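Please read the structure below before turning to the comments.
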Amino acid sequence: MTGFVLISSALIALLGVALLVLARLEPDHRHTQDWGWSHVLLSIGLALGVAWVPAGEGSFGGQLQMAAAASAIVASLALQLAGTARYRGMVWSWRQQWPRWALLTLVILGLARVDYPMGVAAGAMVLAASAAWAARWLWQGGGRGERVVAGCFAVYAVVHGTAPILDPLARSFITHLVGNFVQMVLAMALILLSVRRAHHEAERVNTRLRDLYEQSMQGLVVVRGGQVAYINPAALAMFGFERREQVGGVERFIAPEDVEGSRARYRRLLEQRSGRISWEGERYRRDGSPLYLRGTSSYVEWEGQPALLVLMLDETERQRATEALRRQALHDELTDLPNRHAALARLAELTVPGSSGFVLLSADVDRFQLVNESLGHETGDALLQAMATRLRTALPPDVMLARLGEDQFLLLHPGVDDEASAVLAGQGLLALMHAPLTVEHRALYVHLSVGLARFPAHGQDGASLLRAADIAMHQAKQQPGAAVVAYEPGMAASAGGLLELEQALATAIVREEFLLDYQPKYSAGSREVTGFEALVRWLRPGQGRVSPADFIPAAERTGQIVPLGAFVLRETARQLRAWQQAGLQPLPVAVNVSPLQFEDPTFADGLLALLQTHQVPPTLVEVEITETAAMTHMDRVLPQLARLRDAGVGVAFDDFGTGQSSLTLLRRLPITTLKLDRSMIDPLPESSAGAVVRAACVLANALGLAIVAEGVETADQAAEVERLGCTHLQGWLLSHPMAAADAERLLKPAAVSAP
């Protein structure tokens with residue numbers, strides 16, 4: 001009988017080992033592991049407690065054997081219930097359970113010490129109860145497989161429960177025969193149940209995965225031998241197919257220039273059998289339309305054969321948006337030409353060391369602002385678009401045409417590296433504009449000023465070349481009509497000097513680095529001093545006097561003539577007040593007023609307030625205006641001149657004879673003095689020049705105006721202007737401009753009133 005029990009125990013142990021092996025294959029299934037150890041421990045308990053009954057129950061060895069058998073059986077029961085609970089998804093905590101099972105072990109051991117058959121009976125009852133409990137858990141809410149196993153547990157419980165009845169030591173042949181059969185069936189059922197559970201879970205996972213990649217927005221393709229072995233719906237939709245069978249090979253979707261790269265990726269992944277490669281590029285749909293994909297390729301085993309798993313995202317819309325933003329960043333919105341950023345990027349490519357020579361043309365539309373002001377900005381925009389269309393059509397394909405902004409265009413002619421060819425390219429550009437442009441049913445003629453710079457002669461990088469071409473273009477704008485000017489190194493120094501002068505001028509105005517010289521005016525005939533003209537001078541620290549011919553135009557260009565003119569008026573008023581306080585009889589002082597100063601509608605009131613603050617009579621001040629100021633700003637100038645004239649301030653019409661003054665203009669302006677420009681005086685005493693001066697004097701006398709001859713430098717000129725009718729003379733023959741202290745010596749003491 002002992003041999004039979006041992007054989008039964010060995011079979012149970014083998015089945016337990018089978019369950020443990022299964023548990024190793026499915027490590028997430030803890031119930032399989034619990035059931036495996038339960039069978040192993042049960043076989044140990046049966047072998048120690050039933051097959052080999054201790055010979056000396058009271059001996060230490062016998063007690064140790066009984067303890068081991070009882071512990072193994074109780075642990076087997078605990079693991080059996082733990083596995084069943086975990087299988088059913090119930091919570092099982094060993095921390096809470098082990099005290100109960102330890103107590104149960106002690107009870108069985110205690111009974112066995114008192115009476116060994118009693119201990120065996122207790123162990124059998126525990127086995128039966130445990131099997132019944134496991135059967136109950138599996139039966140409730142279980143499927144057909146679970147109920148079959150529950151039935152095996154129930155039969156097993158009956159076998160264990162009847163074992164002490166058939167034999168006090170549970171060694172009945174019937175018990176072990178039936179028990180062995182039931183245990184084997186139960187073990188096999190548990191194995192099948194575990195396998196089925198693992199299979200169902202694998203199917204569930206596979207179903208979830210299938211749902212994921214079937215419903216995924218990401219395209220998924222398995223490529224094997226260059227053919228599509230699997231393609232999900234998202235990828236089918238990307239390429240315009242309805243079924244996988246329609247797809248076939250993958251190279252039909254790849255751009256010809258990318259085919260070899262795709263093959264290389266495929267070969268490398270198949271050789272390495274690991275890793276992944278990211279890629280992106282243009283592919284083609286079934287109808288031939290392009291799409292832009294970004295994806296990863298990796299090695300995969302598909303149906304037992306090596307294959308390529310390709311995951312793809314359709315980035316077509318994003319790529320289009322990116323290209324649109326890139327185009328917007330590098331193209332002019334109005335003309336659709338490359339813009340400044342694109343031009344600089346192209347220049348950077350062409351100016352690397354060792355590159356071939358080329359010429360850069362900077363072209364600016366002459367008097368474009370006049371088009372905007374007279375015809376409207378819409379017409380100006382249409383004109384620029386028409387220019388861009390004509391140039392783009394007529395220029396060679398290798399010439400880059402760009403719009404830098406407003407009315408400035410840039411042309412980059414590769415292969416032109418000598419000045420003669422460069423100038424010829426510029427003249428060709430002018431020739432393209434000879435014919436008028438039709439804009440809104442109107443023919444408009446366009447004239448360009450073109451500056452050119454050559455690489456590498458005039459610059460080693462794009463920025464310096466563009467700067468040189470712009471400098472040459474501004475030189476061209478100073479010439480009459482359309483012109484082409486090649487850059488010369490001296491131009492940069494001149495332009496840099498102008499910029500430096502303009503910047504220094506702003507600081508000089510803040511620091512008041514200016515003073516006034518006074519050039520006397522003399523009456524004709526008597527040659528007595530009748531007044532002065534205030535002339536501003538700049539004493540630049542460290543450089544001495546700066547010529548008014550340099551800084552006055554700079555002040556006009558930058559608008560700094562307004563604060564500078566305000567300084568001259570303040571200094572003039574202060575000097576007149578100082579002469580009064582010194583007990584001298586001041587003479588009228590003429591001050592040049594810029595057209596920009598009349599932009600301020602409060603200019604006249606401000607000047608009168610300034611004179612009142614310094615207690616200077618308005619009759620001691622004369623403002624000189626030019627023909628440009630009078631004609632260009634008539635609507636603002638005329639009311640303010642009338643306001644000054646009514647207050648007693650003299651008004652002089654300066655530089656008469658240099659423009660296109662009309663009799664109507666002289667009649668409308670409230671002037672008191674007409675100043676003949678030095679260009680009218682220089683030719684004297686030529687008879688033809690004298691006739692012009694005489695006519696001007698006759699006109700001024702008829703209007704009741706004083707007549708000042710400027711630039712009198714010889715005695716013959718002085719005598720002639722006096723003979724022709726000028727009332728006053730001014731020039732270096734009589735006096736150079738002088739400092740205030742020297743001018744003061746020409747003043748007479750003020751008359752003292754009688755007491």
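Hydrogens, waters and symmetry mates play no part in the numbers below; they use all other heavy atoms, side chains included. In this chain, numbering begins with 1 at the start of the sequence shown. Because the structure is a prediction, the values reported are computed rather than measured.
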Backbone N or O of [Y] within a donor-acceptor pair of the [X] side chain at under 3.5 Å?
X	Y	answer
Gln385	Leu334	yes
Ser464	Asp461	yes
Glu622	Val589	no
Gln597	Ser594	yes
Gln460	Pro456	yes
Glu624	Asp654	no
Thr672	Val651	yes
Glu533	Pro520	no
Thr727	Ile707	yes

- With Glu710, which of Lys675, Lys521, Arg678 fulfils salt bridge (charged side-chain N to carboxylate O under 4.0 Å, His left out)?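 So, applying the salt bridge (charged side-chain N to carboxylate O under 4.0 Å, His left out) to Glu710 and each of Lys675, Lys521, Arg678, only Lys675 qualifies.
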
- State whether the number of non-hydrogen atoms from other residues, nucleotides or ligands found under 6.0 Å of Glu713 atom CD is greater than 12. yes

- Query: When you look at CD of Glu333, are more than 12 heavy atoms from neighbouring residues, nucleotides or ligands closer to it than 6.0 Å?
  - Reply: no

- All side-chain hydrogen bond (donor to acceptor under 3.5 Å, both in side chains) counterparts of Asp470, not counting sequence neighbours: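 Counting only residues at least two positions away or on another chain, Asp470 forms a side-chain hydrogen bond (donor to acceptor under 3.5 Å, both in side chains) with Ser362, Gln408.
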
- Message: Can you confirm whether or not the ring centre of His413 sits under 6.0 Å from the ring centre of Phe358?
- Response: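 So the answer is no for these two rings.
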
- Item | Check against side-chain contact (heavy atoms from CB on, under 4.5 Å), Gln580 and Gln585 | CA-CA 6 Å; Gln580 285 179 326; Gln585 182 178 346; over 6 Å; no

- Task: Sorted by first residue and then second, give each ring pair (Phe, Tyr, Trp, His ring centres under 6.0 Å) pair with at least one member in residues 549-576; sequence neighbours left out.
- Result: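 Qualifying pairs, neighbours excluded: Phe514-Phe551, Trp538-Phe551.
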
- Task: With the side chain counted from C-beta on, respond yes when Phe653 and Thr626 share a heavy-atom pair under 4.5 Å apart, and no when they do not.
- Result: no

- Query: Under 3.5 Å, is there a donor-acceptor pair between the Ser679 and Asp677 side chains?
  - Reply: yes

